[in-house]
Amino acid sequence: MLDIKFIRENIDFVRTKLEERGDAVDLDQFVLMDRKRRDILQEVETLRSERNSVSKEIGARKKSGQDASDIISKMGSVSSRIKELDESLKEIEALLGGLAMTIPNIPHESVVRGTGDEDNPQVRLWGKKPQFDFEPKPHWDIGEDLNILDFARGAKITGARFTLYRGAGALLERALVNFMLDLHTTQHGYTEVFTPFMVNSESMTATGQLPKFEEDLFKVTGTDYYLIPTAEVPVTNIHRDEILDEKDLPVSYVAYSACFRAEAGSYGKDTRGLIRQHQFNKVEMVKFTRPEESYDELEKLTSNAEEVLIKLGIHFRTVSLCTGDLGFSSAKTYDLEAWMPGQDAYREISSCSNFEAFQARRAGIRFRRGENSKVEYVHTLNGSGLAVGRTVVAVLENYQQKDGSVIVPDALRPYMNGVDRIVSNK
RNA sequence: GGAGAGAUGGCUGAGUGGCCGAAAGCGAUCGCCUGCUAAGCGAUUGUACGCCCCAAAAGGUGUACCGGGGGUUCGAAUCCCCCUCUCUCCGCCA
């Protein structure tokens, strides 16, 4: 959510910035309703003020035994007028709030203008494409040939976009989770948390998934609970409606979680393999920072994610999302795209964003600089460190051998119970 | 799932219709005092929204907020209804 006062006072700037994202938002309607809300508010508050003072007078008269019936009856009509105004106020605030909830964040000034992913500038490139003296296979073939990924049974157990991991495949997934968590906690200063995988609608609203993107979520029937699409949701909500101590900032958390996405609108896209699943694992980093340090922290967070790929020896590039490709809540986002030889393509494996105060305002996450300063919103950031399923894809495709086996990257071996090469057990 | 008890400010905790944005204590901050420390004394100590002032900050003023929502009343922390959460006991259970 944007600051309503800021929109009011910088309407043209906001309009221009939102147009760069390619979003059509009816700001005129917004301004109109905002004006109306304040008009009603003023009237109702004046009446309340009158009622408060007269009620005091009634109390005083009754105490001293005087008659107060004349002003009591007068206040009756004032009260019913207040009730009327309260209702229209509630109505307009619901409309205004609803509208405010659907306005996306303003892109940071460093974000280049563009319309889609083809306009995203590359900011870094690490390593190079591995050379193969054979035709590299896509991971779904590698996984099935090694009997470590079972797509057919995943589909039988649940449905499309669910996968059964087996043996060294399951071990590889678990090893990657532990490797990433250990790296971020022991080398990068994050505190590990483990959260619920279901959250209520309030939490989903705070981070921006609701109300606009409900169709992307799985909802638990008969409850107000949703399966989390990312640990960003529960982790950011840890401090919802709290005022943090400045001395604790920046707060950095890392969390493993399963993630659940309905993938509405992605029919036919990435239907094979692990790239686009309804359920996948992810290690997520989340930060709460002072406003002035959030962009430095975004750079750190992004390099923390990159470090995972570097340690695994996987070639990748980092791009900065252009205005047209930016997510709803984000002011600036870096995507890490790992090289996937079996698909002859770079695929997104991490997304690192600075939301500035957008989520903090929705979620009521604030801090105080000193004893006598007023509270301010923190900036929230998050990034995948990394998407585990896609990292499995990257490992399998980049480390595949001519004989069909897969070498385990050095960094992962301490987590693989002595397995340094995955071979077929068929 | 059944029965009961609770939810008040940073914390503890009083408050059953007007004198309550809310006692008291603790904590915190500032000042005083004590040649250090401790003790003592005094003051301050919530958030949101609106309006005024204004370059802005500060300030002034009004309204709202005692778990959430609704109701009764001239007036609700206080009475009534619904919901959520916490605790205790029973049942069930990884």
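Throughout, a chain's letter reflects where its sequence line sits, starting with A, and its residues are numbered from 1. Please read all numbers here as calculations on a predicted model, not as lab measurements.
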message = The side chain of A:Arg368 is closest to which nucleotide in this list: B:rG46, B:rC51, B:rC49?
response = B:rG46
inquiry  = Categorize A:Ile58 for me: base, sugar-phosphate, or nothing, with a 4.0 angstrom heavy-atom threshold over every strand shown.
reply    = base
task = Scan every strand shown for a Watson-Crick or G-U wobble partner of B:rC87, both distances under 3.5 Å, and answer none if you come up empty.
result = B:rG4
request  = Using a 4.0 Å heavy-atom cut-off across all strands, classify A:Arg8 as base, sugar-phosphate, or nothing.
outcome  = sugar-phosphate
request  = For the residue pair A:His188 and A:Tyr190, categorise the inter-ring angle as parallel (less than 30°), tilted (30 to 60°) or perpendicular (more than 60°).
outcome  = perpendicular
task = Looking only at side-chain atoms of A:Val375, point me to the closest of B:rC74, B:rC51, B:rU47.
result = B:rU47
query = Is there a Watson-Crick or G-U wobble partner for B:rG40 with both distances under 3.5 Å, and which nucleotide is it?
reply = B:rC32
query = When rounded to the nearest 0.5 angstrom, what distance separates CZ in A:Arg361 from CD in A:Gln359?
reply = 11.5 Å
request  = Look through every strand shown and name the nucleotide pairing with B:rA64 as Watson-Crick or G-U wobble, where both distances are under 3.5 Å.
outcome  = B:rU47
query = Out of B:rG70, B:rG71, B:rC19, which nucleotide sits closest to the side chain of A:Lys83?
reply = B:rG71
message = Assess whether a salt bridge exists between A:Lys17 and A:Glu20, defined as any Lys/Arg side-chain N lying under 4.0 Å from an Asp/Glu carboxylate O.
response = yes
task = Output yes when at least one side-chain N/O atom of A:Lys62 is less than 4.0 Å from OP1 or OP2 of B:rU73, else no.
result = no
inquiry  = When the C1' atoms of B:rG59 and B:rG70 are compared, how many Å lie between them, rounded to an integer?
reply    = 38 Å
key: Closest listed nucleotide, where the reference is the side chain of A:Arg366 and the choices are B:rG70, B:rG18, B:rU47   = B:rU47
ask   = With a 4.0 Å cut-off on heavy atoms, is A:Lys74 in touch with a base, just the backbone sugar-phosphate, or nothing at all?
value = nothing
key: G-U wobble or Watson-Crick pairing nucleotide for B:rG59 (cut-off 3.5 Å, both distances)   = B:rC52
remark   = Separation between CZ (A:Arg276) and NZ (A:Lys269), nearest 0.5 Å, reads 5.5 Å
request  = Could you work out which one of B:rG50, B:rG18, B:rA64 sits closest to the side chain of A:Arg48?
outcome  = B:rA64
key: Donor-acceptor pair under 3.5 Å, A:Gln42 side chain vs B:rG50 base   = no
